[in-house]
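See below for the structure under consideration.
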Amino acid sequence: MDASFASLVQNIDWAEIWLATLDTLLMLGGSLLFTVLLGLPLGVLLFLTGPRQLFEQKGVYALLSLLVNVLRSLPFIILLIVMIPFTVLITGTSLGVAGAIPPLVVGATPFFARLVETALREVDRGIIEATQAMGATTRQIVLNALLPEARPGIIAATTVTAITLVSYTAMAGVVGAGGLGDLAIRFGYQRFQTDVMVVTVILLLILVQVLQTVGDRLVVHFSRK
Amino acid sequence: MIEFHNVHKTYTVGKREIPALHPSRLTIEGGQIFGLIGHSGAGKSTLLRLINRLEEPSGGRIVVDGEDITALDGEGLRRFRQRVGMIFQHFNLLSSKTVADNVGMPLKLAGELSRREIEARVAELLARVGLSDHAKKYPAQLSGGQKQRVGIARALATRPKILLCDEATSALDPQTTGQVLQLLAEINRELRLTVVLITHEMDVIRRVCDRVAVMDAGTVVEEGPVADVFLHPQHPTTQRFVLEAEQVDEHEQRDDFAHVPGRILRLTFQGDSTYAPLLGTVARQTGVDYSILAGRIDRIKDVPYGQLTLALTGGDVEAALDCFRAADVHLEVLR
């Protein structure tokens, strides 16, 4: 039984798989952190300047919206290459995990910001009105009413973004960032090592499954409805 | 005291201008419960929201206790809003915060009290509305009436001088409506708070209000003490509201009286005269017989009233009418 299993996975270098898993987790963690840090304010800004909202600014909203749409329509693989000079500027390298994080963040932030905007729009207008009636500043309305009320929606948005980032990291191999997706492409696909392909895909599946489950649990935990 | 001086409001939708409130004059005395009644779209909600500037007036001045609040902006407006509480039809509580945190929120935002002081005040407010046991619950775990009581506690947190009620009982069942109205009346008495409430139910006005303004198509068509407006409605809109509250079709009833012999009159009693044995006394003195065709005896806020439609036959009808005129009742001769 053991012998037959070993022959099934003869091409697999488990140390390499472990390194690739680590790279994927590093890329995911790093890029998700910065995506949330940048995307949350951007989403709030999109919401506030949007039509019939607290800070309605047609010009600003149109500009932000266009920027978001341009970045979202760019295929990630192209973004990865176009961004190389910029990536070198901020991380000092265009290679490896560090080289992959800036394009991942730029690719995922507009997506996350749109989801945040949608989550904020789901908040009952009456809640904003009630908070305004208490004499709150716009900043207080955002921090004390909008964000807490939209928290389940924002957590769900973070989950979806994290999973999207997992699939983006597969392309990060182009800049030598490694990771599970890269392993699947280089060994599993290009060298016809089906066992490597299957193992990496299973690991990615487990990762996505864990992210979704944790995300869903958090949404339930923070939903008081 | 809240004064409206030629206040008007027009919404611009696309290129069209839609008037929501025609230039209006209105004075709401301090310490009263003032009711605004009207059908949806009559402009009552706009009028209410102008008081704390959730709606910006298109023109005119609103003066609250001598202060022109239409001139306020930024910090001044926020300070003013902290002195005006508001409750809503759908409660508008934050679902992500506990009952205690909801009630404490206006205090937290005002930033004048320490955490311990806020906790003490919240406990006091929850005790006032009878929800001390529910402090740690979330709004979703409460019934409609409990949610509105949390709303009231929240609105009172900053010790406001004015409480605005936006259809506060429209989402509640009749029994809960009664409890919430009673609480509003108690608060008005104890705290000498001016309450402005809007509703589309005459019954709500009858039970708690001191004065009422009737709105129709963006205009105040009738205004006065509730008893006067309720018992002697002048404007057709007001008459419709009163009939709705009585759940009788008076036109139908009037037709029924066609075959009733004798003089038909309507007597309206208010206050102590409601319990005076007037009919029997007049019948004995003048020899008339009376039959009661329609009637209601109820209370307007704390004042009892009665309104009876009578047919008088036999005896000295004119002398009987004179007796009624001399007595402490309002007389209308219908036929």
Side-chain angles (χ1 to χ4, degrees), chain A residues 36 40 43-44 47-48 50-58 115-116 118-159 215-225, chain B residues 13 45 48-49 51-55 72 74-99 101-112 136-142 150-151 154-158 160 162-167 171:
Chain A
V36 170
L40 198 61
V44 170
F47 171 77
L48 288 178
R52 291 189 301 283
Q53 300 299 344
L54 288 173
F55 262 173
E56 184 175 354
Q57 296 279 341
K58 284 202 175 77
L115 294 178
V116 168
T118 313
L120 292 173
R121 279 198 196 154
E122 293 289 310
V123 176
D124 190 342
R125 286 198 74 90
I127 301 253
I128 301 176
E129 195 181 34
T131 316
Q132 266 180 311
M134 292 174 203
T137 61
T138 305
R139 187 190 148 83
Q140 287 179 320
I141 294 172
V142 170
L143 294 179
N144 293 282
L146 276 172
L147 290 179
E149 286 298 287
R151 188 161 48 197
I154 292 172
I155 293 170
T158 310
T159 309
D216 288 347
R217 289 254 169 93
L218 285 174
V219 168
V220 171
H221 178 75
F222 283 111
S223 293
R224 313 291 191 185
K225 288 193 175 171
Chain B
V13 180
S45 183
L48 187 81
R49 281 170 168 70
I51 298 174
N52 62 355
R53 295 260 309 273
L54 286 178
E55 295 277 4
L72 293 174
E75 188 62 17
L77 180 58
R78 286 194 293 277
R79 292 273 160 231
F80 171 71
R81 281 177 175 165
Q82 286 166 11
R83 287 184 278 132
V84 181
M86 189 166 186
I87 59 174
F88 303 86
Q89 179 175 5
H90 298 294
F91 324 122
N92 294 352
L93 302 175
L94 275 82
S95 62
S96 57
K97 294 189 194 291
T98 61
V99 166
D101 286 345
N102 265 288
V103 173
M105 195 170 161
L107 297 169
K108 194 181 153 200
L109 295 181
E112 284 162 3
K136 295 238 155 51
K137 287 190 179 165
Y138 286 90
Q141 296 166 280
L142 302 180
V150 176
R154 179 177 72 174
L156 297 177
T158 52
I162 300 172
L163 178 63
L164 307 177
C165 309
D166 178 15
E167 297 271 6

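The sequence lines fix the lettering, A, B, ..., with proteins before strands; numbering per chain opens at 1. The basis for the numbers below is simple: all heavy atoms, side chains too, and nothing from hydrogens, waters or symmetry mates.
- When heavy atoms are compared at a cutoff of 4.5 Å, B/R154 approaches chain A solely by way of its side chain, counted from C-beta outward.
- Within 6.0 Å of CZ on A/F55 lie no more than 12 heavy atoms contributed by other residues, nucleotides or ligands.
- Taking both residues in full, the closest heavy atoms of A/G135 and B/R78 are given as O-CD, 3.3 Å, listed atom of the first, atom of the second, then distance.
- Contacts of B/L164 with chain A are absent, with no heavy-atom separation under 4.5 Å from either backbone or side chain.
- Residue contact with chain A, scored on non-hydrogen atoms closer than 4.5 Å, is absent for B/R83.
- The distance from the CG atom of B/L93 to the CD atom of A/E149 is 9.5 Å, given to the nearest 0.5 Å.
- Annotation for A/A145 and B/L94: closest pair CA-CD2, 3.6 Å, computed over non-hydrogen atoms.
- To the nearest 0.5 Å, atoms CE (A/M134) and CG (B/L109) are separated by 6.5 Å.
- In this structure a side-chain-to-backbone donor-acceptor pair under 3.5 Å is missing from B/N52 to A/A133.
- Nearest heavy atoms, A/N144 versus B/M105: O-CE, 3.8 Å.
- B/R53 contributes atom CZ, which lies 11.5 Å from atom CD of A/Q132 (distance to the nearest 0.5 angstrom).
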